[in-house]
Amino acid sequence: MKAISRDDGTGLAGILGANALTLALALWQGWSVALLAWPFWLQSLLIGWYARQRMLALKDFSVEGLKVNGRAVEATPETLRSTANFFLVHYGFFHLGYLVFLVAEGDRLAPLDMALVAGTTVAFWLGHRRSHELNLEADTRSRRNLGSLMFLPYVRVVPMHLAILLGAASGDSAWALVFFTALKTAADAALHAVEHRWLRAPAKS
């Protein structure tokens, strides 16, 4: 089996393909922008899940700049677990707030809509799983900063959710769906590229 040595583009291609599939289904079914936000919210959960798994998989890592209660921490397994768990709680509450917004402001999902959203989530999962495999392989060759890895998912999802708000403000026409998805996909592609270029560079000891 050939070893993975670089980002071959399959992760990004999968994520872009999932965005295109989501838009096609939204146009086909005449979804509102609020309903279209559901698959992207679920994608955001996948990003958080894989980010935590990536942190927990670290063997050799740096904690430079990372502080707890104003104090510097040591690079120990306990620090790794506690940081990953803190991220889980904080990221989870962040998305709980969005879930409340979607339930309160969004359209009710019909059974067919639920099935289609589930299908798009599988597509996003395949893309992010591939990206995660590449990240794990790269992490074995560099000493990652734990604080940076914890912060990185927010850099990915905040533009995504800003696109949700902009899309919601633009109405529920087909053009609004295209505009919203284009903004969100552009954020996906740009931040994917930044993430992989930054984190694949040799880390400082």
Side-chain angles (χ1 to χ4, degrees), residues 11-12 14-56 83-132 149-192 195:
L12 178 59
I15 294 169
L16 295 181
N19 278 297
L21 173 64
T22 302
L23 176 59
L25 293 175
L27 293 172
W28 172 46
Q29 288 296 305
W31 285 355
S32 65
V33 171
L35 198 157
L36 180 60
W38 278 105
F40 297 143
W41 179 81
L42 290 167
Q43 180 200 5
S44 187
L45 292 183
L46 288 171
I47 290 172
W49 165 261
Y50 280 122
R52 183 172 184 270
Q53 293 301 106
R54 184 178 184 180
M55 283 185 273
L56 290 174
T83 301
N85 289 335
F86 172 80
F87 168 79
L88 176 65
V89 173
H90 188 273
Y91 195 86
F93 273 110
F94 180 83
H95 285 77
L96 179 60
Y98 263 98
L99 176 61
V100 172
F101 171 80
L102 289 176
V103 171
E105 302 295 332
D107 296 338
R108 185 174 181 179
L109 291 171
L112 176 59
D113 294 328
M114 291 181 184
L116 295 177
V117 168
T120 62
T121 302
V122 171
F124 279 119
W125 168 66
L126 292 173
H128 284 291
R129 184 183 66 172
R130 175 57 174 164
S131 181
H132 180 65
L149 286 182
M150 182 179 67
F151 176 73
L152 188 61
Y154 296 99
V155 179
R156 289 289 303 267
V157 304
V158 167
M160 181 190 303
H161 293 302
L162 287 176
I164 290 175
L165 296 176
L166 287 173
S170 63
D172 287 330
S173 66
W175 284 111
L177 295 175
V178 173
F179 173 72
F180 164 42
T181 306
L183 284 178
K184 187 265 177 188
T185 303
D188 263 355
L191 291 169
H192 178 94
E195 173 188 354

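Values below: every heavy atom of this structure, side chains too, minus hydrogens, waters and symmetry copies.
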message = Working note: L46 + T121, criterion side chain to side chain contact (heavy atoms under 4.5 Å, CB included); need CA distance, chi angles, decisive distance, verdict.
response = CA-CA 9 Å; L46 288 171; T121 302; 4.3 Å; yes

key: Distance-minimising heavy-atom pair for H95 and Y91   = ND1-O, 2.9 Å

ask   = Does any N or O in the side chain of T120 come within less than 3.5 Å of the main-chain N or O of V117, such that one atom is a donor and the other an acceptor?
value = yes

ask   = Is there a side-chain contact between T83 and L149, using heavy atoms and a 4.5 Å cut-off?
value = no

query = If we only count heavy atoms from C-beta on, is the W38 to L99 side-chain gap below 4.5 Å?
reply = yes

query = Which value, rounded to the nearest 0.5 Å, describes the distance between L177 atom CG and W175 atom CH2?
reply = 11.5 Å

ask   = Quick one: do the Y50 and W125 side chains pair a donor with an acceptor below 3.5 Å?
value = yes

remark   = One should read off an interatomic distance between L116 CG and M114 CE, to the nearest 0.5 angstrom, of 11.5 Å

query = Would F94 and H90 count as a close aromatic pair, with their ring centres under 6.0 Å?
reply = no

inquiry  = Holding to side-chain contact (heavy atoms from CB on, under 4.5 Å), I want the full list of residues that pass it with A110, two or more places apart in sequence or in another chain.
reply    = D113

Show me the donor-acceptor pairs, under 3.5 Å and distance only, between side chains in residues 15-26 and residues at least two apart or in other chains.
unit_1: N19; atom_1: OD1; unit_2: K184; atom_2: NZ; d: 2.8
unit_1: N19; atom_1: ND2; unit_2: I15; atom_2: O; d: 3.0
unit_1: N19; atom_1: ND2; unit_2: D188; atom_2: OD2; d: 3.1
unit_1: T22; atom_1: OG1; unit_2: A18; atom_2: O; d: 2.8

inquiry  = For a quick test of reading the model, state the closest non-hydrogen atom pair linking A37 to F180 and the distance between them.
reply    = N-CE2, 4.3 Å

task = For the pair W49 and H128, evaluate side chain to side chain contact (heavy atoms under 4.5 Å, CB included) and give the outcome as yes or no after the intermediate values.
result = CA-CA 10 Å; W49 165 261; H128 284 291; over 6 Å; no

query = Considering all heavy atoms of both residues, which atom of P39 and which atom of W31 are nearest to each other, and what is their separation?
reply = CG-CZ3, 4.4 Å

inquiry  = Nearest 0.5 Å, please: how far is CZ in F40 from OG1 in T185?
reply    = 6.0 Å

